[in-house]
Every structure is written in structure tokens, then in C-alpha cells.
Amino acid sequence: MIERADDIGIGDRVTYLPGTATAPQTTTAPRQCVQGHVVAPPVPDPYTAVVWLPTRPDGAADDIEPTWVRHDRVVEFTHPPQPLEPRPRPV
């Protein structure tokens with residue numbers, strides 16, 4: 001799991017395991033990962049040392065509430081590509 005929760009921010013693409021970290025696994029089948037984007041600033045909980053990421057899963061409508069994902073459920077993340085600066089026009 002990702003230990004660098006402070007590096008994740010708005011717009012980052014995340015891949016995470018669904019459910020909670022403490023939920024027992026009731027089947028031997030592997031769980032599928034979910035992909036989405038972080039839609040608001042991460043929220044740290046100082047009492048539990050957990051960082052919550054408000055995430056919109058891929059394919060979800062823009063008007064639904066975000067899914068709150070624990071930082072320790074994130075498998076990987078990527079930053080959005082930076083826009084290229086416009087090239088100066090030749091004179």
C-alpha cells in the first residue's frame with residue numbers, strides 16, 4: 001500500500017482496493033481494484049493517523065457524493081500530466 005499519503009492531491013488518479021482495511025475477506029477470490037480521481041483535498045484524521053481521500057470512481061456521475069478511501073487502501077497513484085507551456089511564436 002502507499003505510505004506517501006501526503007503526496008496525493010486533487011486530480012491525482014488512484015487505484016485502490018474497495019471496502020475497509022479491517023473487513024474480513026469472506027472469499028478466496030482476489031478482489032478487484034477500483035480506479036478513480038481524487039476530487040477534493042485529502043482529509044487527515046489526527047486521532048487515527050489515517051488520511052481519507054474523497055474519490056470519484058471511473059464512470060461515476062459528477063453529481064454523486066465522492067467515495068471516501070483510506071490512504072492505506074491505495075495501491076498506486078499518478079499525478080495528472082502537466083500542461084505544456086505555449087511555445088513562443090516566431091516573429
* Structure fact -> Of all heavy-atom pairs linking G36 and D58, the shortest is CA-OD1, 3.4 Å

* Which atom of P18 lies closest to which atom of Q32, heavy atoms considered ->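 Shortest heavy-atom separation between P18 and Q32 comes out as CD-O, 3.1 Å.
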
* Point-to-point distance, once rounded to the nearest 0.5 Å, from NE2 of H79 to CZ of R13 ->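 Going from NE2 on H79 over to CZ on R13, the span is 14.5 Å.
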
Side-chain contact test, heavy atoms from C-beta onward, threshold under 4.5 Å: evaluate it for [X] versus [Y] and give yes or no.
{"X": "W52", "Y": "R70", "result": "yes"}
{"X": "V14", "Y": "H37", "result": "no"}
{"X": "I8", "Y": "V38", "result": "yes"}
{"X": "V75", "Y": "L17", "result": "yes"}

* Under a 4.0 Å N-O cut-off, is there an ion pair linking D63 with R56? ->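 Salt bridge flag = no for R56 with D63.
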
* Identify the residue among T67, L53, D72 that makes a side-chain contact (heavy atoms from CB on, under 4.5 Å) with Y16. =>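 Of T67, L53, D72, side-chain contact (heavy atoms from CB on, under 4.5 Å) with Y16 is met by T67 alone.
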
* May I ask you to list the residues sharing a hydrophobic cluster with Y47, side-chain cutoff 4.5 Å, ordered by chain and number? =>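 Besides Y47, the hydrophobic cluster comprises nothing; the residue is isolated.
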
* **Co-membership, hydrophobic cluster, residues V69 and V50, 4.5 Å side-chain** => no

* Those residues that, when tested against D45, pass side chain to side chain donor-acceptor pair (under 3.5 Å) (two or more places apart) ->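 With sequence neighbours excluded, D45 shows a side chain to side chain donor-acceptor pair (under 3.5 Å) to T48, given in chain and number order.
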
